[in-house]
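Take a look at the structure set out below.
Side-chain atoms are counted along with the backbone in the values below, which use heavy atoms only and exclude waters and symmetry mates. Protein chains get the first letters and strands the later ones, always in sequence-line order, with residue 1 at the start of each.
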Amino acid sequence: METIIEARNLGKRYRQKDAVHALSLSLPAGRACAFLGRNGAGKTTTIKMLAGLIRPDSGSCSLFGQDSQHLRPEDWQKTGYVSENQELYDWMTGEQLIAFTSKLYPSWDKPFEKELLEKLGIPLRRRVSFCSRGEKVKLALLLAMAFRPRLLILDEPFAGLDPLVRSEFLDTVLEITHQNDWSIFFSTHDVDDVEKLADDVVIIDEGRLQVSESLDSLQNRFRRIDLQGPHEPLMKTAAILGLERHADHSRFIHSAFNSETLATLEANHSEAHIDVSTISLKEIFIALAKNFQTENPRS
Amino acid sequence: MNLLFHHVCKDLRHSRWLIVLTWLTAACILWLPASLVEKRVEVMQWLPYISCGAWVLVFLTAGRIVQLDAPRRDTAFLRSRPFSSSDWLASKLSSCLILILPMALLQVAMVLVTGLRPEFIDLLLIFFEEMLAFCVVMTLALAIATRSKTYSNFIGTTMVIFFAAYIIFVMYMIAEKQLARTTKSEWSYDNEYLKLSRLLITQVIAVLGLAGGLFLCMRARRPERLAAVISSTVMIAALAWFFWPLNFVKTFTRPEATAPRSEWPDLSKLKLSFREQESWSQKKAGSVPARFSFSDGVYNDTTYRRISGHTQLDGLPEEWFAFPNSFEYELSLTNGKTFSGRYTASAGLWELMALPLVGMALPWDKSTNPLCDVELAEFPLPKAADAMTGAKLRGNVHVPFKRPVILGRLPLRAAASTKIGNRHISITEVERNDMEIRYKLAIEQLRVLTRGDWYSESHRRIEFLAVNVAKREFLRQGSAESSGRSFGHYSLQFLDFSQTIHRDLTKEHDGGIIPEDWLNGAELLIVGDEFGGTLSQSFDFSEVTLSNP
């Protein structure tokens with residue numbers, strides 16, 4: 001399978017701090033990858049390096065096999081990029097901006113543009129500077145999608161959007177990407193959105209890669225376990241996250257759950273009732289984030 | 001190309017108000033030709049400020065155009081769009097060129113509207129000179145804006161750079177003052193050409209730097225590298241401006257005002273000899289023979305003494321004059337001190353020398369000796385302890401031969417005008433009363449730096465002489481006031497003469513009642529001179545006394 005995004009040992013330092021450290025990841029064609037992390041984890045820096053907008057201090061990254069630092073116009077003709085702080089020409093109206101941008105792409109799809117306009121409800125005759133944040137994001141999304149890119153990079157596009165706009169936005173992206181088999185690499189704080197959109201999940205903390213696997217695999221290996229009734233105190237291992245104990249009740253999230261795990265628990269705690277339940281990605285992310293925080297407390 | 005045009009349109013639309021403001025400011029310069037000749041001097045007082053404002057606006061507008069999609073700003077819209085760095089640079093340069101093009105054309109228009117009727121080549125040179133100057137401003141803005149993340153960052157960086165440059169300039173000036181030699185520097189009108197050479201080489205470096213930057217940018221696809229190239233270029237250009245040693249402009253100047261070779265005096269028939277001359281001595285209250293005469297002048301708190309040697313020149317044809325001369329010398333005092341130096345003369349002929357050309361006699365007798373003395377040396381006056389006698393003086397004198405020519409004849413009345421070279425001369429006022437005649441001239445001149453017209457050029461010096469040939473009388477003495485201003489490629493000078501009549505040598509004295517009909521048939525002669533070769537001769541004197549006897 002073709003690799004769309006490839007990063008190897010990517011590193012970036014801001015003054016004395018490692019914003020990104022030895023980060024390696026890849027995105028195969030046709031996959032949607034959610035890029036998660038706490039505030040300041042290094043998501044935006046990583047995305048900017050991937051898109052060649054800033055220069056890495058170490059390592060390398062490529063889009064479509066082309067070094068990100070030397071992306072050619074033809075590489076950008078296949079890549080749509082939306083960032084929360086991306087500037088639009090705000091002295092233009094929406095219509096003018098679309099007309100201007102469409103000339104940059106030979107593959108600009110006019111009917112698709114109209115379809116997106118209908119779906120997103122973008123005001124065309126208003127100057128961009130007078131548009132709301134939601135309208136600007138929708139416009140940016142249209143400008144990144146109407147030429148039918150093979151790769152869509154979205155850097156926290158949902159930030160600051162009200163739930164209704166976010167829902168519309170997400171639905172549009174979902175519908176279109178699934179129809180067209182695009183690759184998507186997106187970062188977000190809203191983990192609920194990831195479950196709808198992502199095939200793979202990458203989680204970083206303090207600029208270091210913590211998790212990189214498919215969403216299914218991630219959800220399969222994380223389970224919430226409740227032990228009720230008399231039982232021996234649990235031995236804390238790397239796989240046990242967020243352990244809480246109240247009298248005869250222990251609760252934790254197991255990050256490497258499989259059938260053997262359950263058998264071992266039952267063997268060790270035969271008098272206790274063991275309840276195993278699946279958890280949402282949001283809960284997984286929170287458990288991981290808390291764990292990272294405990295292991296790497298920020299100054 | 002379409003894409004480039006598309007981007008240029010976008011840039012121009014983005015900064016349209018600032019661009020219009022910049023053009024309007026530049027268009028204000030057209031006030032000058034729009035006003036009457038008499039009013040132009042007043043208008044010109046404001047033009048440097050307007051011009052300065054236009055330059056600042058060019059800088060700010062170019063910065064704004066570039067900043068819109070600056071490669072250093074990772075949030076810029078165009079950064080994530082299919083547009084190559086070389087196209088980006090080409091579009092920004094094109095937009096900036098469109099910004100400055102009308103400004104240069106306005107300067108050309110100004111020259112045209114002034115009525116100076118410049119030649120096509122003059123217009124072309126003016127256009128390129130203006131474009132070069134604006135290009136330097138534009139590329140500076142481009143360099144700084146390319147490396148700035150925001151427009152405010154661009155303004156801040158600019159202010160820091162200019163402040164630093166100002167500090168460096170002040171330090172340079174102070175250091176120059178402290179370290180400069182107090183001796184009088186050798187002056188030559190070649191120095192003016194050296195300035196011009198420096199100006200030209202600076203602009204050539206600027207253009208080469210820009211081309212090099214473009215080349216590097218296109219190869220490396222990193223337009224911000226252009227900034228480094230341009231910064232270096234500006235540094236090198238600044239160094240060239242101050243220190244470029246080679247004077248190459250004079251080579252290209254036309255040998256204007258040179259008589260045909262066949263008419264030059266035959267140097268082999270000329271004989272220049274140094275001689276003693278009776279000189280008045282205060283001490284002895286009588287005349288004594290002397291080889292030299294001396295005159296003093298003060299420069300930088302140092303008194304300089306100039307030595308002139310008495311000469312006899314034989315064999316010079318009647319129409320030719322020998323004045324003034326250049327020299328190089330070495331003066332050795334008895335205490336071992338040595339002075340040496342060089343002087344290149346640049347003065348032109350006296351307008352009265354043209355009188356024979358209109359059939360009138362010179363008011364002095366030239367036939368016996370056309371060159372009574374020549375200048376030999378100029379040196380800082382020795383201290384009291386230094387010996388003032390027994391010095392040795394040697395060197396060379398170069399005596400140029402010139403003959404007067406009448407470049408134009410105008411009836412001496414208001415509104416008469418003519419064009420001499422690049423100068424448009426008109427008589428604006430003529431008044432007569434019993435004691436004097438007052439006439440006022442307006443001289444409008446086109447200034448093209450690369451042609452050297454701005455700078456002093458001895459061969460193109462012109463003088464004015466009012467004559468009434470029928471009466472064999474001319475105007476002289478009285479006062480001559482000069483005022484004027486220059487701006488850009490236009491210079492306007494007013495000459496205000498108040499003169500009395502000098503009658504022919506056959507008459508006994510100057511002045512007297514001016515008859516009412518004197519202006520009938522009176523003419524204004526515009527007098528220039530023509531060069532006819534140089535006689536060089538060495539001199540070697542011993543036992544020189546460095547003061548008058």
Side-chain angles (χ1 to χ4, degrees), chain A residues 12 44-45 47-55 63 66-93 96-108 127-129 136 139-140 143-144 146-147 149 151-155, chain B residues 1-20 61 64-92 95 147-154 216-225 228:
Chain A
K12 182 77 183 173
T44 298
T45 304
I47 286 179
K48 283 184 175 174
M49 284 192 286
L50 292 176
L53 300 178
I54 56 174
R55 184 176 286 272
L63 296 187
Q66 176 70 25
D67 184 350
S68 293
Q69 289 307 306
H70 296 102
L71 289 179
R72 301 157 303 179
E74 49 266 41
D75 298 316
W76 278 112
Q77 279 166 6
K78 294 184 281 188
T79 309
Y81 174 82
V82 178
S83 161
E84 63 169 333
N85 51 8
Q86 186 181 29
E87 292 166 23
L88 302 175
Y89 294 139
D90 58 6
W91 76 94
M92 291 186 184
T93 62
Q96 288 168 337
L97 187 55
I98 291 169
F100 169 77
T101 312
S102 67
K103 293 207 172 116
L104 303 178
Y105 297 94
S107 60
W108 190 270
R127 266 175 62 162
V128 175
S129 56
K136 283 181 187 169
L139 185 59
L143 298 174
F147 56 94
L151 168 66
L152 200 54
I153 298 175
L154 309 172
D155 182 13
Chain B
M1 187 54 81
N2 279 343
L3 201 57
L4 197 70
F5 180 72
H6 186 55
H7 277 273
V8 170
C9 288
K10 179 256 300 174
D11 287 342
L12 297 181
R13 194 164 61 186
H14 168 248
S15 304
R16 59 189 180 279
W17 299 119
L18 204 51
I19 292 171
V20 168
T61 312
R64 189 171 148 83
I65 289 171
V66 175
Q67 252 301 305
L68 179 61
D69 309 294
R72 276 294 177 94
R73 205 164 72 241
D74 50 41
T75 54
F77 181 73
L78 216 54
R79 285 296 310 277
S80 55
R81 303 287 156 184
F83 198 52
S84 69
S85 304
S86 51
D87 284 346
W88 177 85
L89 190 66
S91 72
K92 294 299 171 190
S95 303
R147 296 192 77 83
S148 307
K149 283 194 171 177
T150 61
Y151 192 61
S152 51
N153 196 218
F154 162 73
L216 274 182
C217 175
M218 283 174 181
R219 282 194 65 182
R221 293 188 192 156
R222 298 198 68 82
E224 61 265 42
R225 283 197 186 170

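How far NZ of B:K10 is from CG of A:L97: 10.5 Å, rounded to the nearest 0.5 Å. Taking CD of A:E87 as the reference point, atom CG of B:D74 lies at 9.0 Å (rounded to 0.5 Å). Here the straight-line distance linking atom CE of A:M92 with atom CZ of B:R13 works out to 4.5 Å at 0.5 Å rounding.
Of the listed residues (A:L88, A:D75, A:T79, A:L143), the greatest number of heavy-atom pairs within a distance under 4.5 Å of chain B belongs to A:L143.
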Run the side chain to side chain contact (heavy atoms under 4.5 Å, CB included) test on B:H14 and A:W91 for me, step by step, so that the C-alpha distance in whole Å, both residues' side-chain angles and the decisive distance to 0.1 Å come before the verdict. CA-CA 7 Å; B:H14 168 248; A:W91 76 94; 3.4 Å; yes
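A donor-acceptor pair under 3.5 Å links the side-chain atoms of B:R79 to the main chain of A:G52, judged by distance alone.
Minimum interatomic distance between B:S80 and A:Q86 (heavy atoms only, all atoms of both residues): OG-NE2, 3.1 Å. Contact record, A:P73 with B:P82: O-CB, 3.2 Å, taken as the closest heavy-atom pair.
The aromatic rings of B:F77 and A:F100 lie tilted to each other, with the angle between the two planes from 30° to 60°.
At a threshold of 4.5 Å between non-hydrogen side-chain atoms, the residues A:K103 and B:N2 do not count as touching. Using a 4.5 Å cut-off on side-chain heavy atoms (C-beta onward), A:Y81 and B:R81 make no contact. Here the side chains of A:Y89 and B:L78 are in contact, with some heavy-atom distance below 4.5 Å.
For A:I153, no part sits under 4.5 Å from any heavy atom of chain B, backbone or side chain. Only the side chain of B:D69 comes within less than 4.5 Å of a heavy atom of chain A; its backbone N, CA, C and O stay farther away. If you measure heavy-atom distances from B:R73 to chain A, the contacts under 4.5 Å come from the side chain alone.
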